[in-house]
Amino acid sequence: MTPKGMDPMNLAELVDPTHAEDVKLVRAREELRAALAPVRREGCSIGLVPTMGCLHEGHLSLLRAARAECDVVVMSLFVNPTQFGPGEDFERYPRDEERDLRLAAETGADFVWAPPVEEIYPDGFATHVEVDGSLTDVLCGDPSRRGPEHFRGVTTVVAKLFNAVQPDVAYFGQKDAQQAVVIRRMVRDLDFRVRIEVLPIVREADGLAMSSRNAYLDPRARQQATALSRALGIAKETAVAAGIDAALEAARAELRAAGVEPEYLEARDAEDLTPVAELSDRPVLVAVAAQVGGARLIDNVLLKPSTNEH
Ligand code: AMP
């Protein structure tokens, strides 16, 4: 974990005066800024991995990429209340800070920034960052589904994380495909000086996309939940041979057979999320969301016309 171009002794002092191999837990934004200022002055690159904790292999894949590419790795750990709707699971969202710290340390994070809610949203907080229009009023942003407030909560907190950490690179998962598209747009529109990396979905052996919310699934629902990735796999195979409508129909049939009623199952342009009816030379996102047992699950697959990868 020695930053490129830095004397290891020097870095050990900057990163953690006591245990260079351990992750340093920081609560206060000013403490984080103070710790990162000398790192930045030395010309070291900073990678940020935003998370809501309850880490799994999906999060760890982002941390590993950050570790491989950046001199200093910061993981934020914050269950962001403003991206949960009134009826959603903010209160019961799984939290295990001790385990998260251990996994972050093992994966090579240098800092875990775990602010209390008041640090992010002080009394009188009144400013929001919102990407509006077609990127956030579809799929999870559709008012009849999760709602645009969800993305307003995401972009507001991510903008604050970017301001506090000022990362050179920030890592997100393709699992939350719409979130990644929305964040890229925010970064472009507001001139954030950060490169956004979006990494592939990490799955369980049976195909289920890893998610902290999988913890809500009882054994029956856990079995049922495998229908999402199966349906997407079928959609991908069918699309090449029979087109998008047939692909969505085949996927819907697979979900139906498993007793899963999708909240949405749609094909969208992967970059601007406009509806697509036919394959073209642009990548297509097939995205699904469904309530399965106690968990609202999302998953997606990319159809890449140039390679026709399976
Ligand atoms: P969360 O803690 O759920 O907010 O997720 C933090 C980051 O991890 C987000 O960028 C997610 O897209 C990403 N992520 C979550 N699950 C996965 C997964 N199965 N594979 C890859 N990245 C993931």
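Atoms within each ligand, like the ligands themselves, are counted from 1 in listed order.
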Select one of side chain, backbone, both or neither to describe which atoms of E57 lie under 4.0 Å from any atom of ligand 1, heavy atoms only.
neither
Quick one: does I201 get an N or O within less than 3.5 Å of an N or O on ligand 1?
no
Number the atoms of ligand 1 from 1 as they appear, then name those within less than 4.0 Å of a heavy atom of F172, with their elements.
10 (O)
Looking only at protein heavy atoms, what sits closest to atom 6 (C) of ligand 1 is P50 O, 3.3 Å
In this structure, atom 16 (N) of ligand 1 is nearest to the protein heavy atom H56 CE1, 3.2 Å
Quick check: does M210 get an N/O under 3.5 Å from an N/O on ligand 1?
yes
Checking heavy atoms under 4.0 Å, the part of V49 that sits near ligand 1 is neither
Using modelled atom types and a 3.5 Å cut-off, is there a donor and acceptor pairing between side-chain atoms of R99 and backbone atoms of L55?
yes
Among non-hydrogen protein atoms, atom 20 (N) of ligand 1 lies closest to V202 N, 2.8 Å
Can L199 be said to touch ligand 1, with heavy atoms closer than 4.0 Å?
no
Is the count of non-hydrogen atoms from other residues, nucleotides or ligands lying under 6.0 Å from R95 atom CZ greater than 12?
yes
Taking atom CD of Q174 and atom CG of N300, what is their separation to the nearest 0.5 Å?
5.0 Å
Starting from atom 22 (N) of ligand 1, find the nearest protein heavy-atom neighbour and note its residue, name and distance.
G173 CA, 3.5 Å
About how many Å separate CD1 of I46 and CG of D71, when rounded to the nearest 0.5 Å?
9.0 Å
To the nearest 0.5 Å, what is the distance between CG on D272 and CG on L285?
11.0 Å
For the atom pair CZ (F78) and CD1 (I120), what is the distance rounded to the nearest 0.5 Å?
5.0 Å
Only heavy atoms count here, so choose which of E204, M52, K175 is nearest to atom 23 (C) of ligand 1.
K175
Closest non-hydrogen protein atom to atom 12 (O) of ligand 1, residue and atom name please, with distance?
D176 OD2, 2.7 Å
Does ligand 1 have a heavy atom under 4.0 Å from the side chain of S212, from its backbone, from both, or from neither?
neither
Closest contact, heavy atoms only, G58 versus M210
N-SD, 4.1 Å
Which residue supplies the protein heavy atom nearest to atom 5 (O) of ligand 1, what is that atom called, and how far is it?
H59 NE2, 3.4 Å
Testing the 3.5 Å rule here: is there a donor-acceptor pair between the side chains of N80 and Y93?
no
Check A221 against G293 and note the closest heavy-atom contact, atom names and distance.
CB-CA, 3.9 Å
May I ask whether P200 has any heavy atom positioned less than 4.0 angstrom from an atom of ligand 1?
yes
Is it the case that atom CD in E278 sees more than 12 heavy atoms from other parts of the structure closer than 6.0 Å?
no
